[in-house]
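Since the model is a prediction, treat every value here as computed from it, not as a measurement.
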Amino acid sequence: MKISRRLFSTTLAASIALPFLKLDLAAAADKVVRIGYQKYGTLVLLKGKGLLEKKLETIGYTVTWTEFPAGPQLLEALNIGAVDFGTTGETPPIFAQAAGAPLVYIAHEPPAPRGEAILVPKDSPIKTVADLKGKNVALNKGSNVHFLLVKALEEAGLQYTDIKTSFLPPADARAAFEQGAVDAWVIWDPFQAAAEVAIEARELRNGEGIVPNHQFYLGAKTFVDNHSQAVDIVIEAVAEIDEWAKTNTAAAAAELSPSVGIPEDVLAIALERQSYGVKAIDESVVKQQQAIADTFFDLGLIPKKISIADVVRKGGA
């Protein structure tokens, strides 16, 4: 069978071009920042304003967003390569690192100790943390409030083993709390503020004086190493949103309310307790994280000792 010269030339050109086309498509696919976010916080505001998309477009990157119910679930997605970047409280990255997740600390927000608390029903006979002995406490395992619970019990002269724990994500924990299936609930904003307003949950102890309650920005190591410019732009955009939210609480609450399904007045309470001003990870923050990691290892909550300093981005943020 004869093949025309034109057909042969076209086929040859296509066969040569195809590998390069595949490379171009792969390169384009690589220029995506896959962000994991939670129902509330700076990243939700960043997503809503579309600021990051505009900034990343200048270097040929795009963004995808995926919502998670809490930090542990977000970091599990990072561990399996489903997201590249996200934000959580102090404790989730410790559990994730101990489990072998290839994460890197990139930056953090200043402490916000009032943004998490141990709550009890308004008519509960429980008046102090010491009264939790033998009681059932709900929390999201491995979340930032896990360390708050440990330190609050320690302050009250109790051991972690003096209480019962029910590990539940926020929505399930709220239901169990309202139904009386648990005696107390350790939770963070805006769920904390929502429970205080809607069902008059009573604050037993917040983080003031016992835990800093940092928010951390974290990335998958391979992504951070290979896309440093994109990572820097993300942090730059976070800083801009932080600066705006710090002085525009009411406007921020109005923007967040439709996406999180929580009334503006409740969000305003939560936002007033939040901290703003993204910063690089410094030695003092590393020491604080290391103290949390060591505490969890001593309690048998993580399987091995870890070094926080080993997973901090060098020269970042």
Evaluate the side-chain proximity of Y160 to E154: yes if any heavy-atom separation is below 4.5 Å, no if none is. no
Could you tell me whether a side-chain N or O of T295 sits under 3.5 Å from a main-chain N or O of A291, the two making a donor and an acceptor?
yes
Practice item. Look only at the side chain of Q289 and the backbone of E90, and say whether a donor-acceptor pair between them is shorter than 3.5 Å. Key: yes
Of all heavy-atom pairs linking V286 and I281, the shortest is CG2-CG2, 3.7 Å
I241 vs V238 side-chain heavy atoms within contact, under 4.5 Å = no
Residues at least two apart in sequence or cross-chain that pass ring pair (Phe, Tyr, Trp, His ring centres under 6.0 Å) with Y276, listed by chain then number, are none
>> Heavy-atom count check: over 12 atoms from other residues, nucleotides or ligands less than 6.0 Å from K127 NZ?
In response: yes
Quick check: do F297 and I306 have side-chain heavy atoms less than 4.5 Å from each other?
no
| query | Would you say N213's side chain and P111's backbone share a donor-acceptor pair under 3.5 angstrom? | reply | no
### Donor-acceptor pair, side chain of H108 and main chain of H214, under 3.5 angstrom
no
Using atom types as modelled, flag every donor-acceptor pair under 3.5 Å from a side chain in residues 63-76 to any protein atom, sequence neighbours excluded.
| from | atom 1 | to | atom 2 | distance (Å) |
| --- | --- | --- | --- | --- |
| W65 | NE1 | E53 | OE2 | 2.9 |

For A253 and L267, the nearest pair of non-hydrogen atoms, with its separation, is O-CD1, 3.6 Å
Rounded to the nearest 0.5 angstrom, the NZ-CG distance for K141 and L168 is 12.5 Å
Note: F177 and A201 closest approach over all heavy atoms is CE2-CB, 3.9 Å
By salt bridge (Lys or Arg N to Asp or Glu O under 4.0 Å), E264 pairs with (sequence neighbours left out) none
### Query
Counting only heavy atoms not in E236, do more than 12 fall under 6.0 Å of its CD?
yes
Distance col, row E240:CD vs K49:NZ, nearest 0.5 angstrom, shows 11.0 Å
Check whether any side-chain heavy atom of I308 lies under 4.5 Å from a side-chain heavy atom of Q97, and answer yes or no. yes
Item to complete: Can you label the angle between the H227 ring and the F223 ring as parallel, tilted or perpendicular, going by 30° and 60°?
Response: parallel
* To do: With the side chain counted from C-beta on, respond yes when I292 and V211 share a heavy-atom pair under 4.5 Å apart, and no when they do not.
  => no
Correct closest heavy-atom pair for Q159 and L153 would be O-CD1, 4.1 Å
Q. Do E116 side-chain atoms and V186 backbone N/O form a donor-acceptor pair below 3.5 Å?
A. no
NZ of K287 to CG of D294, rounded to nearest 0.5 Å, is 13.0 Å
(message) Determine whether W185 and R174 satisfy the following criterion, side-chain contact (heavy atoms from CB on, under 4.5 Å), listing intermediate values before the conclusion.
(response) CA-CA 8 Å; W185 179 24; R174 167 75 179 258; 3.5 Å; yes
S124 (side chain) donor-acceptor with I126 (main chain) under 3.5 angstrom:
yes
inquiry  = Evaluate I106 against I235 for side-chain contact (heavy atoms from CB on, under 4.5 Å), listing each step before the verdict.
reply    = CA-CA 9 Å; I106 300 169; I235 296 302; 3.9 Å; yes
Across all chains, not counting sequence neighbours, the salt bridge (Lys or Arg N to Asp or Glu O under 4.0 Å) partners of E57 are none
Using a 4.5 Å cut-off on heavy atoms from C-beta on, say whether the side chain of L256 contacts that of L271. yes
Exactly one of N144, T42, V278 clears side-chain contact (heavy atoms from CB on, under 4.5 Å) with Q215, and that residue is N144
From the list V145, L139, L149, N206, side-chain contact (heavy atoms from CB on, under 4.5 Å) partner of I118 resolves to L149
All heavy atoms of L45 vs all of A252, minimum pair found to be CD2-O, 3.9 Å
inquiry  = Just so I know, are the side chains of F95 and L301 near enough to count as touching, which here means a heavy-atom distance under 4.5 Å?
reply    = yes
**Item:** Steps toward side-chain contact (heavy atoms from CB on, under 4.5 Å) verdict (I163, N136)
**Value:** CA-CA 6 Å; I163 64 163; N136 194 344; over 6 Å; no
Item checked: Side chains of V137 and S166 in contact at under 4.5 Å (non-hydrogen atoms) -> no
Let's go through L46 and L51 carefully: what are the C-alpha distance in whole Å and the side-chain angles of both, what is the deciding distance for side-chain contact (heavy atoms from CB on, under 4.5 Å) to 0.1 Å, and is it a yes or a no? CA-CA 6 Å; L46 184 59; L51 173 67; 4.1 Å; yes
| query | Has the side chain of Y61 got a donor or acceptor atom that lies under 3.5 Å from a matching backbone atom of K55? | reply | no
Applying salt bridge (Lys or Arg N to Asp or Glu O under 4.0 Å) to K246 and not counting sequence neighbours gives E243
Rounded to the nearest 0.5 angstrom, the CG-OG1 distance for L299 and T161 is 8.5 Å
Closest heavy-atom pair, A195 versus L119, reported as atoms and distance to 0.1 Å, is CB-CD1, 3.9 Å
inquiry  = Determine whether a donor-acceptor pair (N or O, by modelled atom type, separation under 3.5 Å) exists between the side chain of D183 and the backbone of K135.
reply    = no
- Query: Taking the six-membered ring for Trp, are Y217 and Y105 ring centroids under 6.0 Å apart?
  - Reply: no
Here the salt bridge (Lys or Arg N to Asp or Glu O under 4.0 Å) pairs for residues 195-221, sequence neighbours left out, are K122-E200, E155-R205, E196-R273, K221-D225
Item to check | Short side-chain to backbone donor-acceptor contact, S257 and A254, under 3.5 Å | outcome: no
Side-chain donor/acceptor of N248 to backbone N/O of W244, under 3.5 Å = yes
